[in-house]
Structure formats: C-alpha cells, structure tokens
Number of protein chains: 2
Amino acid sequence: MPTIKDVAREAGVSIATVSYVLNNTGAVSEATRQRVLDAVNKLGYRPSVIAKGLQARESRMFGYSWHPMPPNQFNPILEKFLHSMAEAAARHDYHVLTFPCSDPVCEVDVYRDMVESGRVDGFVLSNTNLNDPRIRYLLEAEFPFVAFGRSNPEWDFPWVDVDGADGVEQAMNHLLELGHRRIACLAWPEESLTGQYRLVGYYRAMERAGLTVEPGWVIRTENYYQDAYQAAQAWLRLPPETRPTAVVALTDLMAIGVMNAASAAGLEVGRDLAVVGFDDAPITGYLRPPLTSLRQPIAEVGELVVTMLIDLVRGEMPSPAQVLLKPRLIVRDSTALSKPT
Amino acid sequence: MPTIKDVAREAGVSIATVSYVLNNTGAVSEATRQRVLDAVNKLGYRPSVIAKGLQARESRMFGYSWHPMPPNQFNPILEKFLHSMAEAAARHDYHVLTFPCSDPVCEVDVYRDMVESGRVDGFVLSNTNLNDPRIRYLLEAEFPFVAFGRSNPEWDFPWVDVDGADGVEQAMNHLLELGHRRIACLAWPEESLTGQYRLVGYYRAMERAGLTVEPGWVIRTENYYQDAYQAAQAWLRLPPETRPTAVVALTDLMAIGVMNAASAAGLEVGRDLAVVGFDDAPITGYLRPPLTSLRQPIAEVGELVVTMLIDLVRGEMPSPAQVLLKPRLIVRDSTALSKPT
DNA sequence: GGTATAATTTTAAACGTTTAAGCTCAAGGC
DNA sequence: GCCTTGAGCTTAAACGTTTAAAATTATACC
C-alpha cells in the first residue's frame, strides 16, 4: 500500500504539499498540483483512514446495537434501518459499526468501551425506553447519539420517532369508518413506552368517537404469538354485546396470533373480525387474508437519525432535534371487507 | 480522554513501561506494574484503538455488505447472521462494519475503497455466485475474506456453506416416506449457484427413489411470491396422473405463494398438497398450516466465518478452509398430515 | 569491591496523516 | 537596489500507540 511519502517522492514534493493538494487546502501551483495528482493515480494511492483518524481524533464510525429477537420472532425493521443508516453515513464518509449486545446487564459497559477506546464517534440507539441506561450514560458522558425512539421527557436529547399514537388512531378511524364500535386493543406491558404511546391513540380515538372502552377490551401481553392467541380467545369468550368486532394489535406478530385464534374458532378474519397489525412486515401482504398494518417510514428514520448524528459530531445541535414521523396505514383485506354487526 | 502519556506521568514511568504493562510484554517489576495499573484505574484510561491500529497497521474491522431485499420480501437470515458474526468478532476484539451496496455495478469499487483506505482487515461475503466479481477482485488483491456460499470451483478460497442439496434431499426423503411419488420443485433461475445445488438434491432423491421427473414438475422462477403463486396454479392444472401431491420450494416466500395458490384453488394445504419451504423464517410456524422448512444453522455459519477470517488475517489458512454444514428439516403440519393419493 | 550478568526502565523511532510555522523567491513599490 | 508582500513550498511537530535498542540499576559471582 503506497503512503503519502511514496506519492511525495514520486511527485518530487514534500508530503505536506501532497496533503494540501488532496484536501484542497493551502496554496499549490497548478503545475505541482497536476504532478501530485499524476503520482497519486500512478501509484493508486488512497489515504489511510486510520492515520487520518488518529490525526483528526475521530473514527468516522457510528455504533449501532440491537437486541436479537427471540427465536420465532422477526425483526421487521432491522434490514431497512441498517441499510438506510449505512447509505446516509456513507454519503458523508461515515460507516456503521454493528456490535452485539446480548446481555442487557453489561450493556452500558459495551457502550462505554466503544466510547473510551475511540471506536466510534457516535451512536444510534433504537428500542429506547424510559430510564434507558444507555441514554443516561451517554448524556452524562456528553457523547453524541441520536435515538430512534423517545425516553424520559426531562432528558433533552435528539431523537426521531414514529408517532405510534397517530398510527393507532389512523387504524381506529379506519375501523370506525367501517362501522366498528366494539374495538379491542392488544397492547404491550405498561413498562413499554412505545406501547404506551400507541395505546394513547386507541383511547383517544375511542373517546373522540364517544365510545366507552369495555373492561377486557385492552389486553397487555409481551410480543409473543402465544400470548396474542390467548388474548384473542379471551375476547371471543365475551358475551356478544361486548365481544369485539375489530382488534388493533401493536405488532404484526400479535396480529397474526389474533388472526389464527379467530380462524381456529371458526371465524373468518376480515369478515367476522377485523384485525390491524403494526410494522407492515414484508409477510403481511401474503397472509390470508392479507393484514392491514401500519407502515413505519424506516428508511426515512435511518436517514434522519444519521444526518442528525453527523450534525452532532460536528458540534452543532441538529435542528429540529426531535422529529416525530407519521406511520401510514396500509389497508388490506383483514379489515377492508369487514362488516361489523 | 486520558492518553498513555497521562498514565505514564501519573505513575511516574515512561510510556513504554505503561505499554509493556498493558500488553503483558516486556519485563516489568511487580511494584511498577501495580503503580501503572493504579494510574490506569485512577484516570480511567483506555488505549485508543485508532492509535493502536495505526501502529499495527490494522483496523480490527471486518466489512460485511448485503443487497437489500426488494419490498415485500424478507431477509430471513440477516439478523442472526449479523449478530453471530458480531459476537464472534467481539470475542477477538474485532468489529463488524456494515456497508451499503445498492448498485451492483459499482459494487467492487466500494470493496476496493474499503481495502485501499484500510477501513477493514477483511470481508465476509454472502450471496455469492459463479464469477462473483467481489471474489475475483479480492483473490487478485490477495485481501482476506471468507464467503458464506460457494463460487467457481477453480477458485480456491475459504468458505462456509449450507448444503442445499442435502437439505432438499432431507425434505424429499421426508415426503417420500409419507408416500408421495409426484413431487414438484419450485426452483430458481439457472444462474443461481445456490439454486443449482438445492435442485441437485431434488433430482438425486427422485433418482434414488426410482421416480421419473415429469415435465413441468420443475419450475424455475425468481424469488417472488407472484411467480410462485402462478407456478402452483400451473401444477394444479396438470392432469391428475401427473399432478404433484407435494412441492418443495427453495424459499419460504415461494412456499407461501404455493400454499396460498393451493388454498385459493380449494385445496387444503397439508392434506391435499404437501409443501416444504427453505430457510425456516420466523414466520413459518405461524402460517396456516405451519410450514415444514429447512433451517440453516445461521448462527454457526456466522461464528465460523468470522473465526476463519481471524485465522486468515493472522496469516494462517483456516483449517478446514471449506466447510459444508447441513440444514435441518423442521417438520410441521404443511407436510406432516399429508395423505398422498 | 569490581565485574559480568540479569532485570528493569527509558529513549527514540515508527506507523501515516494534518497543519502551524518557517523558508524561498519572484514581483511590485518606493 | 532595497524592502515588502505574498505565493508556493518545506520543515517539523503532533495525534497515541508499539517496540527495538540503549541506558540504567540491581544481583550475583569471584
């Protein structure tokens, strides 16, 4: 691998001149400039990003970590998110470092390691929650990061999030327009901030429609198929006058559990029971019936998060520092054909 | 951020001594050693990986790139693969850099960039094919890489692959044991090496069972739902004596297309038509009926690929340099209940 | 006590960049 | 002709490590 010294020798100039030419800094005569450029081409020289990094005290890398899904669960956003981040980063000569984080106990230690060893210049966080220890640490360390997701309101940090409340409200309005009045919601445990936001949309829509939420309509479970399946069974056991005709589930996986439970109970999903999911996983369109779901603008989130982070490492607060994007309801047969009674 | 100089000053020694202590190289008295360690702790010092990298002429990063899936297709392996790679890498103080590669035309340029700028010490390739330009370039540049997947037989390079032929053969044997005799295969275009390997398993099993492959039983399509759907329709139009009672599809997505087409035609998948997929995507267990599929040992592949790459960057050829792992057939109701007639 | 040897520590160069500061020289003004 | 100016270029230090080689100190042996 040729170094800047080789280029300098080849062009008959000092290494400083080569550097000035390559960075378009400093005054260099056109003749010298050409000689340097020719030498660069002849030798196929590329500056070492490591050496540049040492000099500039930066790594030009952003760290991103995620919790692996339990078996039999899919991560509907990872691929798109990673790809859009990597693309946006590459446009500014940054790269994305993916690091593992299996054990939540030592999670912060892993982040600290990255920070203190200078591995990365910033982080992208996802799957944030209230009192997120990573955010607490990074804020305290004053280390640049942007989160996909919100956290404690009293913490001031840059984030991008998808408006779950608005999304669920869109789904609810769609169901209400179809004539549904008894609508259930399959939610997440109270600890989940994202789950809380989404649930807000449910309550808001019900209230606006002047409907009361009957006991049992909101069931909170973990994001497991089996839990969703059982929740649906519980709804189907309700007396006809309070039995839901539609369900909004906070994930596609949970929606699938509901669909399968309903089918197994002899109902025709889409006609007898409307179901809405969340995430619009690639699979949703191929389910029977195809599942209405809320699509998050993941590519946009990835792009935004990275451009904001680039602002941040340059020392400027991104503006706006908090961005709330709207999901889009993709209507399919799991709701479109429903006829509530 | 404290540097080695700060530690040296704090401990009252030279920076060389600090380095010797930290790397357990060179002879240092126990007393000095303790003083250095105390200083390290007191200051919270962590060596800069960039500076180390410059000195050692290495980045301790491995590059990995993948082609994003078209919309409505899922990548069943990315998450696990990335995670197992990152874990294995981290155990040896390496990290995984994910970089984007949207445009296949300039794909090699992106790899070359990474190589020449010293961004990475090696690559993990996936989705390899015959005459893969990346492999051609990396071999010529003598740059370390390990592939998940095979390529031209005359190219000698380290790879790990999942034995698709064996996998399909497992599926076929399972179907044959159930009594199926008219078995179709939904394959990939001829250009796909992986597709070819998998198809070999089909022909091998048919031959071993003494069955002739009727015209029309093997259909090659791209990995699209719609193509699979239409292929299934074509099979169902065949006269009863050659109409397949079972289908092996080369991906879960294609299997889903077949299942849905069969259902739409009034058949009960699992009873009237057995279907097998490939990849065992997380969704398979939740389909109706749950889909029998071939599970690739992705975590093992990721781990292996990285440990082999680490051997390689150390200058040793990994041994063995080519590893063929067997997939595992996960039997579910899409075949288990079939009663061929 | 002096010397050879071993143990410990330091010095200094190197890795490949950037960049502040200094040097050289031609041009222009007086 | 001398001084100033500025363009063009070089020198050298710095970034934070590692490590060969030199220097120092301690130990052992006679």
Side-chain angles (χ1 to χ4, degrees), chain A residues 1-40 43-61 93 113-121 313, chain B residues 1-40 43-61 93 113-121 313:
Chain A
M1 287 279 141
T3 75
I4 199 173
K5 285 188 193 163
D6 301 315
V7 176
R9 191 173 330 109
E10 176 75 25
V13 296
S14 75
I15 60 168
T17 303
V18 177
S19 178
Y20 288 138
V21 170
L22 261 43
N23 297 297
N24 263 321
T25 146
V28 181
S29 75
E30 191 49 35
T32 317
R33 162 185 207 72
Q34 262 315 320
R35 246 182 321 133
V36 168
L37 257 29
D38 289 348
V40 165
L43 300 177
Y45 166 76
R46 301 281 328 258
S48 149
V49 334
I50 298 267
K52 273 174 117 101
L54 176 59
Q55 161 68 32
R57 255 144 312 211
E58 64 180 16
S59 65
R60 294 200 88 85
M61 304 234 63
D93 252 301
D113 246 49
M114 297 262 164
V115 169
E116 298 187 347
S117 63
R119 210 4 134 194
V120 298
D121 297 341
V313 300
Chain B
M1 286 279 140
T3 76
I4 199 174
K5 284 187 194 164
D6 301 314
V7 175
R9 190 173 332 107
E10 176 75 25
V13 297
S14 73
I15 61 168
T17 302
V18 176
S19 178
Y20 289 138
V21 169
L22 261 44
N23 297 296
N24 262 321
T25 144
V28 181
S29 74
E30 191 49 35
T32 316
R33 163 186 207 71
Q34 261 316 321
R35 245 180 324 133
V36 169
L37 257 29
D38 288 348
V40 165
L43 301 178
Y45 166 75
R46 300 282 327 257
S48 148
V49 321
I50 299 266
K52 273 174 116 100
L54 176 59
Q55 161 69 31
R57 254 144 315 210
E58 64 180 18
S59 66
R60 294 200 89 83
M61 304 234 62
D93 252 302
D113 246 49
M114 297 262 164
V115 169
E116 298 186 348
S117 63
R119 208 6 132 194
V120 298
D121 297 341
V313 300

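Here is the naming used below: chain letters follow the sequence lines, and residue numbers restart at 1 for every chain.
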From CD1 of B/Ile15 across to C1' of C/dA13 the rounded distance in Å is 11 Å
Is there a side-chain contact between A/Lys5 and the phosphate of C/dT17, meaning an N or O under 4.0 Å from OP1 or OP2?
no
Original post:
With sugar-phosphate meaning primed atoms plus P, OP1 and OP2, does A/Ser19 contact a base, only sugar-phosphate, or nothing at under 4.0 Å between heavy atoms?
Top reply: base
Here the distance between atom P of C/dT19 and atom CZ of A/Arg57, to the nearest Å, is 10 Å
Rounded to whole Å, CD of B/Gln55 lies from P of C/dT17 at a distance of 15 Å
Atom CG of B/Asp6 and atom P of D/dC15 are separated, to the nearest Å, by 10 Å
note: A/Arg60, atom CZ; C/dT18, atom C1'; distance rounded to Å ~ 14 Å
Rounded to whole Å, CG of A/Leu54 lies from C1' of D/dA13 at a distance of 13 Å
Closest non-hydrogen atoms of A/Gly53 and B/Ile50, given as atom of the first, atom of the second and distance, are C-CG2, 3.8 Å
Closest non-hydrogen contact found for B/Thr3 with B/Tyr45 is C-CE1, 3.4 Å
Quick one: does any side-chain atom of B/Ser117 pair with a main-chain N or O of A/Arg46 as donor and acceptor, under 3.5 Å?
no
Review point. Is the closest side-chain heavy-atom distance between A/Arg60 and A/Val49 below 4.5 Å?
Key: no
Contact between B/Arg33 and B/Glu30 at the side-chain level, heavy atoms closer than 4.5 Å - yes or no? yes
For B/Arg35 and B/Val13 the tightest heavy-atom approach is NH1-CG1, 4.1 Å
All heavy atoms of A/Val36 vs all of A/Ala11, minimum pair found to be CA-CB, 3.9 Å
Sorted by position of nearest nucleotide on DNA chain D, 5' first, the leading residue of A/Ala16 and B/Tyr45 is A/Ala16
In whole angstroms, the gap separating P of D/dA14 from CD of A/Glu58 amounts to 21 Å
Rounded to whole Å, the CD1-C1' distance (A/Ile4 to C/dT19) equals 11 Å
Q | Minimum side-chain heavy-atom gap A/Ser19-A/Leu22 below 4.5 Å | A | no
- Task: Could you check whether A/Ser48 gets within reach of a base, just the sugar-phosphate, or nothing at all, counting any heavy atom under 4.0 Å?
- Result: sugar-phosphate
So, OP1 or OP2 of D/dT18: does either fall under 4.0 Å of a side-chain N or O from B/Lys52? yes
What's B/Ile50 touching, base or sugar-phosphate or nothing? Going by heavy atoms closer than 4.0 Å. nothing
Terminal axes of the helix from C/dG1-D/dC30 to C/dC30-D/dG1 (5 end pairs apiece), angle rounded to 10 degrees, sit apart by 60°
What nitrogen or oxygen pairs link the protein and nucleotides 5-9 of chain C at under 3.5 Å?
residue : atom : partner : partner atom : Å
C/dT9   : OP1  : B/Ser29 : OG           : 3.2
C/dT9   : OP1  : B/Thr32 : OG1          : 2.2
C/dT9   : OP2  : B/Ser29 : N            : 3.0
C/dT9   : OP2  : B/Thr32 : OG1          : 3.2

Between the CE atom in A/Met1 and the CG atom in A/Asp6, the distance rounded to the nearest 0.5 Å is 11.5 Å
